[in-house]
Colleague: 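The structure's right below; bear with me while I get my questions together.
Throughout, a chain's letter reflects where its sequence line sits, starting with A, and its residues are numbered from 1.
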Amino acid sequence: MSVELTARLRQTEREIQEIAGYAFNINSTQQLSDVLFGKLGLPTAGLKKTQAGAYSTAADVLEGLRGKHEIVDLILEQRQLSKLLSTYVDALPNMINSRTGRVHTSYNQTGAETGRLSSTNPNLQNIPVRTDIGREIRRAFVAEPGWLLLSADYSQVELRILAHISGDEYLLAAFGRGEDIHASAAAKVYGVPLSQVTKEQRAVGAVAKMMNFATSYGVTAYGLAQRTGLSRSDAEDFLQRYFATYPGVRRYIEETKATAREQGYVETLLGRRRYFPVLRTTANTQQAYNIRMAAERAAINHPIQGTAADIIKIAMIRLHRALAERGSRARMILQVHDELVLETPEQELAATASLVRETMEAAYDLKAALKVDVEAGPNWYEMEAVGG
DNA sequence: TCAGATCACCGC
DNA sequence: AAACGCGGTGATCTGA
């Protein structure tokens, strides 16, 4: 992959330099900004700036400039190739332990404010999956001969936790019926039959984004407009309809903000606290206001993201014991926030899959019951569903 | 030469 | 007026 990607990268860089008219370092955001907005004169009206005052060359900015100049797509391609090459393809082989022949990550148990683990040296919680070319990297993560990798991930765990904590009857009902939750939401928000909306993938996609922002971020009309391309007023209208559809979600957000302000902290379902002293201050500057708004969003997020972290930790402890009790040779090798990856002898696949699914699903009793999808294969790329 | 800040971008 | 939650890594830039 290194040879192939390097060749593609060099070619893309040659084309960029050709258009610019001179050689420059494309990895330098300063030099790139000069080329795009100086030399080539791309429009800068309303464009985001960096802290240092230069016009930003971030991907979301460049996305907005596609079609304005042929160089934009080439820059985006260069960025993707460069990232994959430097962070993964060229870096990971150097981190193989010579004694074990494997890469070994370090997990930090106390690094994330919400109770999540983090992973370093190398970070194995951010291996590419989103793009076809990035996903190829997962072929490098292989099981021993005669063994398989088994991946088990919680299906929509944060949304299920939101349904449980908020008690929203419509969200709980949709999970109870086992519906495609995003299609179901789109049907309710747009007021059309579920059968019709499942064909309207754009509507489903918009609602899916909405749900994610609502659960993870604390949503604003501005942010929604930015991310979806909706106009500001359409975004506000959409938000109104969304909250009218799921009144329990709005209640959760308002109550969580009030709790954080009054107590100075919020908790996960299992009692993991996160403190927000800044929400008890009243400084009246724009900056102080922005900081408080950011803290409110983090407070809305903590009980959800933190509960998911608590739940998977319980599952990991129980699974480790359960494997030992059964004398299984399978072992846990990775945790990626809502996913556990194990290595299992091929002959034990069915038994391991059942044990993992049952242990993970029983880790916590939510009103929207936990659901786990299991897949297995010879490497982290070629995975096929197991049971379910 | 090196540490720290900045920018950008990978994952959930 | 300004702007989304939680992390880590690599390349570049800056300043000691």
Colleague: For residues Met332(A) and Leu340(A), report the shortest heavy-atom separation together with the two atoms involved.
Modeller: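 It is SD-CD1, 4.2 Å.
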Colleague: Is the distance from OP1 or OP2 of dC7(B) to the nearest side-chain N or O of Gln51(A) less than 4.0 Å?
Modeller: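 So the side chain of Gln51(A) is within the cut-off, an N or O lying under 4.0 Å from OP1 or OP2 of dC7(B).
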Colleague: Checking contacts here: which listed nucleotide (dC13(C), dC7(B), dC6(C)) is nearest the side-chain heavy atoms of Ser28(A)?
Modeller: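 The listed nucleotide nearest to Ser28(A)'s side chain is dC13(C).
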Colleague: Rounded to the nearest angstrom, tell me the gap between atom NE2 in His337(A) and atom C1' in dC12(B).
Modeller: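 About 5 Å, once rounded to whole Å.
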Colleague: With heavy atoms under 4.0 Å as the rule, sort Ala309(A) into base, sugar-phosphate or nothing.
Modeller: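 Since no nucleic acid heavy atom lies under 4.0 Å of Ala309(A), the category is nothing.
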Colleague: Does the ring center of Tyr242(A) lie less than 6.0 Å from the ring center of Phe238(A)?
Modeller: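 Between Tyr242(A) and Phe238(A), the centre distance exceeds or equals 6.0 Å.
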Colleague: Looking for any heavy atom pair under 4.0 Å, which part of the strands does Gly111(A) touch: base, sugar-phosphate only, or nothing?
Modeller: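 Touches sugar-phosphate only.
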Colleague: How many Å lie between CG on Leu32(A) and C1' on dA8(B), as a whole number?
Modeller: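 My rounded result for the distance is 11 Å.
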Colleague: Given dA3(C), dC9(B), dC13(C), identify the nucleotide with an atom nearest to the side chain of Arg297(A).
Modeller: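 Looking only at heavy atoms from C-beta outward on Arg297(A), the closest nucleotide is dA3(C).
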Colleague: Could you check whether the side chain of Lys83(A) and the base of dC10(B) have a donor-acceptor pair of N or O atoms closer than 3.5 Å, going by distance alone?
Modeller: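 When only heavy-atom distances are counted, Lys83(A) does not reach the base of dC10(B) through any donor-acceptor pair under 3.5 Å.
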Colleague: Roughly, in whole Å, what's the span from CD1 in Ile137(A) to P in dC9(B)?
Modeller: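 So the two atoms are 16 Å apart, to the nearest Å.
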Colleague: What integer number of Å spans the P atoms of dA8(B) and dA1(C)?
Modeller: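 About 26 Å, rounded to a whole number of Å.
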Colleague: Atom CD of Gln30(A) to atom P of dC7(B): distance rounded to whole Å?
Modeller: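 After rounding, the reported distance stands at 9 Å.
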Colleague: Using a heavy-atom cut-off of 4.0 Å across all strands, would you classify Arg274(A) as base, sugar-phosphate, or nothing?
Modeller: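 Sugar-phosphate contact only - Arg274(A) comes under 4.0 Å of backbone atoms but never of a base.
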Colleague: Is Arg331(A) close enough and on-axis enough to Trp147(A), meaning under 6.0 Å and within 45°, for cation-pi?
Modeller: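 The answer is yes, since Arg331(A) meets both limits relative to Trp147(A).
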Colleague: Using atom types as modelled, flag every donor-acceptor pair under 3.5 Å from a side chain in residues 15-26 of chain A to any protein atom, sequence neighbours excluded.
Modeller:
| residue | atom | partner | partner atom | Å |
| --- | --- | --- | --- | --- |
| Glu15(A) | OE2 | Gln11(A) | NE2 | 2.9 |
| Gln17(A) | OE1 | Phe24(A) | N | 2.7 |
| Gln17(A) | NE2 | Phe24(A) | O | 3.2 |
| Asn25(A) | OD1 | Asn27(A) | N | 2.9 |

Colleague: Take atom CD of Gln286(A) and atom C1' of dA3(C), then tell me their distance rounded to the nearest Å.
Modeller: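 Rounded to whole Å, this separation is 10 Å.
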Colleague: Main chain of Ala308(A), side chain of Tyr154(A): is a donor-acceptor contact present, judged purely on distance under 3.5 Å?
Modeller: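 Side chain of Tyr154(A) to backbone of Ala308(A): no pair is present.
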Colleague: Using whole Å, what does the distance between atom P of nucleotide dA8(B) and atom CZ of Arg79(A) come to?
Modeller: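 Rounded to whole Å, this separation is 6 Å.
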Colleague: Remember a base hit wins even if backbone is also touched, and classify Ser56(A) as base, sugar-phosphate or nothing at under 4.0 Å, heavy atoms.
Modeller: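 Contact class for Ser56(A): sugar-phosphate only.
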Colleague: With respect to the side chain of Gln31(A), which nucleotide from dG5(C), dC7(B), dC13(C) is positioned closest?
Modeller: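 Among the listed nucleotides, the one closest to the side chain of Gln31(A) is dC13(C).
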Colleague: Under 4.0 angstrom, heavy atoms only, what part of the nucleic acid is Ile127(A) near: base, sugar-phosphate, or nothing?
Modeller: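 Sugar-phosphate contact only - Ile127(A) comes under 4.0 Å of backbone atoms but never of a base.
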Colleague: With a cut-off of less than 4.0 Å, is there a side-chain N or O of Gln287(A) near OP1 or OP2 of dA1(C)?
Modeller: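 Negative; the distance criterion is not met.
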Colleague: Let's see if you can work this out: which of dC9(B), dC6(C), dC10(B) has an atom nearest to the side-chain heavy atoms of Ala112(A)?
Modeller: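 It is dC6(C).
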Colleague: Between dG11(B), dG5(C), dG10(C), which nucleotide gets closest to the side-chain atoms of Ala294(A)?
Modeller: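 Taking heavy atoms from C-beta onward, the closest nucleotide is dG5(C).
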Colleague: Return the orientation label for the Phe37(A) and Tyr55(A) ring planes: parallel under 30°, perpendicular over 60°, tilted otherwise.
Modeller: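 Geometry flag for Tyr55(A) against Phe37(A): tilted rings.
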Colleague: Using only side-chain N and O atoms of Thr114(A), determine if any of them is under 4.0 Å from OP1 or OP2 of dG5(C).
Modeller: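 So the side-chain polar atoms of Thr114(A) never come under 4.0 Å of the phosphate oxygens OP1 or OP2 of dG5(C).
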Colleague: Can you tell me the distance, in whole Å, between the CD atom of Glu136(A) and the P atom of dC10(B)?
Modeller: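 For the pair Glu136(A) CD and dC10(B) P, the rounded distance is 16 Å.
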Colleague: Checking only heavy atoms, does the side chain of Arg116(A) share a donor-acceptor pair with the base of dC6(C) at less than 3.5 Å?
Modeller: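 Donor-acceptor pair under 3.5 Å: yes.
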Colleague: Is Glu144(A) salt-bridged to Arg102(A), going by a charged N under 4.0 Å from an acidic O?
Modeller: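 The answer is yes: the pair qualifies as a salt bridge.
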Colleague: So if I take every side-chain heavy atom of Asn27(A) and compare against dC12(B), dT12(C), dC6(C), which nucleotide ends up nearest?
Modeller: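 The listed nucleotide nearest to Asn27(A)'s side chain is dT12(C).
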Colleague: Nearest to the side chain of Asn121(A), which nucleotide is it out of dC10(B), dA2(C), dT9(C)?
Modeller: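 Per side-chain heavy atoms of Asn121(A), the pick is dT9(C).
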Colleague: Can you find a side chain N or O atom of Thr50(A) that sits less than 4.0 Å from OP1 or OP2 on dT6(B)?
Modeller: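 Checking Thr50(A) against dT6(B): no side-chain N or O falls below 4.0 Å of OP1 or OP2.
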Colleague: Mind listing the residues from residues 7-25 of chain A sitting with a heavy atom below 4.0 Å of DNA chain C? Number order is fine.
Modeller: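 Result for residues 7-25 of chain A: Asn25(A), sorted by number.
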Colleague: For Ala52(A), answer base if it contacts any base atom (sugar-phosphate contacts may also be present), sugar-phosphate if it contacts only those atoms, and nothing otherwise; contact means non-hydrogen atoms under 4.0 Å.
Modeller: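 If one applies the 4.0 Å heavy-atom cut-off, Ala52(A) turns out to touch the sugar-phosphate alone, with no base involved.
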Colleague: So which nucleotide from dG11(B), dC13(C), dC6(C) ends up closest to the side chain of Pro128(A)?
Modeller: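 Closest of the options to the side chain of Pro128(A): dG11(B).
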Colleague: List the atom of Ala330(A), the atom of Pro345(A), and the distance in Å for their closest heavy-atom pair.
Modeller: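 Nearest pair, atom of Ala330(A) first, then Pro345(A): N-CD, 4.0 Å.
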Colleague: Is it the case that Gln287(A) and Asn290(A) place a side-chain donor and acceptor less than 3.5 Å from each other?
Modeller: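 No, no side-chain donor-acceptor contact under 3.5 Å.
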Colleague: Without decimals, in angstroms, what is the distance between Ile312(A) CD1 and dC6(C) C1'?
Modeller: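 Whole-Å distance recorded here is 14 Å.
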Colleague: In whole Å, measure the gap between the C1' atoms of dA2(C) and dC9(B) for me.
Modeller: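 Result for the C1' pair: 23 Å, nearest Å.
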